[in-house]
Structures are given as C-alpha cells and as structure tokens.
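Just the heavy atoms: all of them, side chains too, but no hydrogens, waters or symmetry mates, feed the values below.
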Amino acid sequence: ELKVEQNPLFLSMQEGKNYTIYCNYSTTSDRLYWYRQDPGKSLESLFVLLSNGAVKQEGRLMASLDTKARLSTLHITAAVHDLSATYFCAVDEHFGNEKLTFGTGTRLTIIP
Amino acid sequence: DTAVSQTPKYLVTQMGNDKSIKCEQNLGHDTMYWYKQDSKKFLKIMFSYNNKELIINETVPNRFSPKSPDKAHLNLHINSLELGDSAVYFCASRRDTTQETQYFGPGTRLLVL
C-alpha cells in the first residue's frame, strides 16, 4: 500500500522567512500534485509534477520532484500571511486511473 | 460559473437515516471522484467513475453507493448513516490527459447525530 508522508505536520513561521515542506512516498511514481486548502474551503491545485527533476514555481512557492528519492519539496520564499493554509501533496500510484493518495497535510501559519 | 458543484453544502441528520449528496461538473471532464476528509483533515479516495463506468472502488462500507447518471454527474448515496460517517465529502473531476490535475468541489459537510 502506498504511503505518503509529509513533514512537518505543523509549521509556524514568521513573515519574510523561507521554509520547505517535505513529501515522501513509498512506491515508484512519477506523478505528484500539490494542493492548498484554506480552513473550511475546498482544495486548490498548486502544482503538477510529472517527471523526475520537475521544478515548478508560482509566486513565492516552488515545488520539485525527485522520483529516485521518492521525495517532493514545496519551498516557500519570503513568506507572507496570505500563504497561511494547509498544504497537501498527493501521489498517483496507478498511472491512467489517477488514484491519488494524499499526504497528511502540513498546516502552515505565517505570523506577522 | 461554478466548475464542480455539490449539494447540499451542509447536511445534519440522525443515525440510521439515508441521504444523498449530488455532484455536477460543467468542465466537460471525463472522470469524477468522491473523497472523504475526516476530522483530522486526512483525505481518502472512495470512488471514481470514468464516463459513467466505475473505475476505482476503495474499501468503503457497502452502505455507500455512487451513481453516475451521465458524464457530468456523480452522486453519492449513503444508507443507514453512522456516527463515523461524519466528515466532509469532496467531489472532484479531471480531464483524461497526463497534464491535468483534479478539480475539487466545495465539499459537503455531513454531521450524523
């Protein structure tokens, strides 16, 4: 069974600082997704990573994928309060069926 | 225009009742999904349908039955509701290409008393 682990589970950081969220998974996959969820809201797609070495950036967020290490990172640069949310990674274990297994989520709080 | 919509948004009901949640997508997507998010925010897939055909059927109680009348709709019927069914249920949809992500609906917050 595919396991997807994120760390940290909770992250409190000051505005302006940099930090990284890690997503490890247990079986071979080259498709990984990052989502954002605000409290009481739905999930918003952030990044789709489809190959080893993929790197994508949007604003202060940058995501990367290392399929050999079975690791994805979500890097936050110069955090701002608006980035406070829960971030999920999700791994597709059956190419084509898109059966996503989600990580535990990282609740990020940016302190002014 | 809402891309993936769910009704109702909130559902409060008694144990033992039967209830349905409806999902519709106007994106022309091929595959639709149901997920359950528990109180610890853990998300788990329940079902997926591709063009009205059941593709993914995870280990969920058979009290849960999905129905897809057409490609744009995927409903979830729950029989004999139990306390443990309390959760947020998300519908999602996706176009069948390798570059596409899943688009999630707003969620249905189910509380079983």
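- With Q25(B) contributing its side chain and H73(B) its backbone, the two residues share no donor-acceptor pair below 3.5 Å.
- Distance alone, capped at 3.5 Å, places no donor-acceptor pair between the T86(A) side chain and the R107(A) backbone.
- Of the two parts of Y35(A), only the side chain, counted from C-beta on, holds a non-hydrogen atom closer than 4.5 Å to a non-hydrogen atom of chain B.
- For the options F104(B), F90(B), Y35(B), Y103(B), heavy-atom pairs under 4.5 Å to chain A are most numerous at F104(B).
- Annotation: side chain of F47(A) is in contact with side chain of L61(A) (closest heavy-atom distance under 4.5 Å).
- The greatest number of non-hydrogen atom pairs below 4.5 Å with chain B, out of A90(A), G103(A), S42(A), is found for S42(A).
- The heavy-atom pair separating R31(A) from E100(B) by the smallest distance is NH2-O, 4.4 Å.
- In this structure, chain B has a heavy atom under 4.5 Å from the side chain of Q37(A), while its backbone stays farther away.
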